[in-house]
Amino acid sequence: MTLAARALTQLATWPDLAVVEPSCGTGRALVSAHGEIAHFHSDQDVDLHLTARAIRRFEEHLMGEPAVRLTPGSQWVTLRLDVAADIDLLMTLVSLTLQAHQAWPVPGDGPRAPCNDQHFEASRMRISAEAE
């Protein structure tokens, strides 16, 4: 079982979360009463809808984590699950994400912000169109 599959199985037991098809169409998602909070895109990559406010608040700590990738302008962070300890970090970040969404609505945080997987795909399409 991959690290992502192990993490998803564990998170699916949390009472506030359910596993659904993600709005981006890739992988599986975790949804709370406030919407999609996590997308499991591959065996290693998880996008978390942390919210812009939470990212600003914890940016220094997030940038200090080698497993975390921040995308400028995104309300999502990407976590790369390479070692078992990354699952512990994911659990902490999912808890933080749930707390951030309980403060909804937050100015500047739209409920339908695209995940980083969609963000990268849109960037690729834009670059491809500019090259033509």
query = Would you say the side chain of V68 lies within less than 4.5 Å of the side chain of L93, judging by non-hydrogen atoms?
reply =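 Yes - at least one pair of side-chain heavy atoms lies under 4.5 Å apart.
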Kindly list each side-chain donor-acceptor pair under 3.5 angstrom involving residues 82-91, sequence neighbours excluded, with atom names and distances?
{"unit_1": "D82", "atom_1": "OD1", "unit_2": "Q44", "atom_2": "NE2", "d": "3.0"}
{"unit_1": "D86", "atom_1": "OD2", "unit_2": "D82", "atom_2": "N", "d": "2.8"}
{"unit_1": "D86", "atom_1": "OD2", "unit_2": "V83", "atom_2": "N", "d": "3.1"}

How long is the gap from [atom1] on [X] to [atom2] on [Y], to the nearest 0.5 Å?
X: L48; Y: T78; atom1: CG; atom2: OG1; value: 8.0 Å
X: R28; Y: L8; atom1: CZ; atom2: CG; value: 7.5 Å
X: F40; Y: T2; atom1: CZ; atom2: OG1; value: 9.5 Å
X: Q75; Y: R56; atom1: CD; atom2: CZ; value: 9.0 Å

key: Aromatic plane relationship, F58 with H61 - under 30° parallel, 30 to 60° tilted, over 60° perpendicular   =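 The rings of H61 and F58 sit tilted, inter-plane angle from 30° to 60°.
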query = So H49 and W76, would you call those rings parallel, tilted or perpendicular, with 30° and 60° as cut-offs?
reply =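 Because their plane-to-plane angle is under 30°, the rings of H49 and W76 count as parallel.
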task = Only counting residues at least two apart or in another chain, list the ones meeting salt bridge (charged side-chain N to carboxylate O under 4.0 Å, His left out) with E65.
result =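 E65 satisfies salt bridge (charged side-chain N to carboxylate O under 4.0 Å, His left out) with no other residue.
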Is there a path of hydrophobic side-chain contacts, each under 4.5 Å between heavy atoms, that joins [X] and [Y]?
X: L17; Y: V20; value: no
X: V31; Y: L79; value: no
X: W14; Y: L30; value: yes

Donor-acceptor contact below 3.5 Å, side chain [X] vs main chain [Y]:
X: T71; Y: S74; value: no
X: D47; Y: N116; value: yes
X: E21; Y: A29; value: no

key: Derivation of the side chain to side chain contact (heavy atoms under 4.5 Å, CB included) call for I37 and H101   = CA-CA 8 Å; I37 64 159; H101 283 269; 3.9 Å; yes
Determine the minimum heavy-atom distance between [X] and [Y], stating which atoms define it.
X: S23; Y: H39; value: OG-CE1, 4.0 Å
X: D43; Y: A4; value: O-CB, 3.4 Å
X: H41; Y: C24; value: CE1-SG, 3.1 Å

ask   = Yes or no on side chain to side chain contact (heavy atoms under 4.5 Å, CB included) for H34 and Q102, after CA distance, side-chain angles and deciding distance?
value = CA-CA 7 Å; H34 301 286; Q102 287 174 353; 4.3 Å; yes
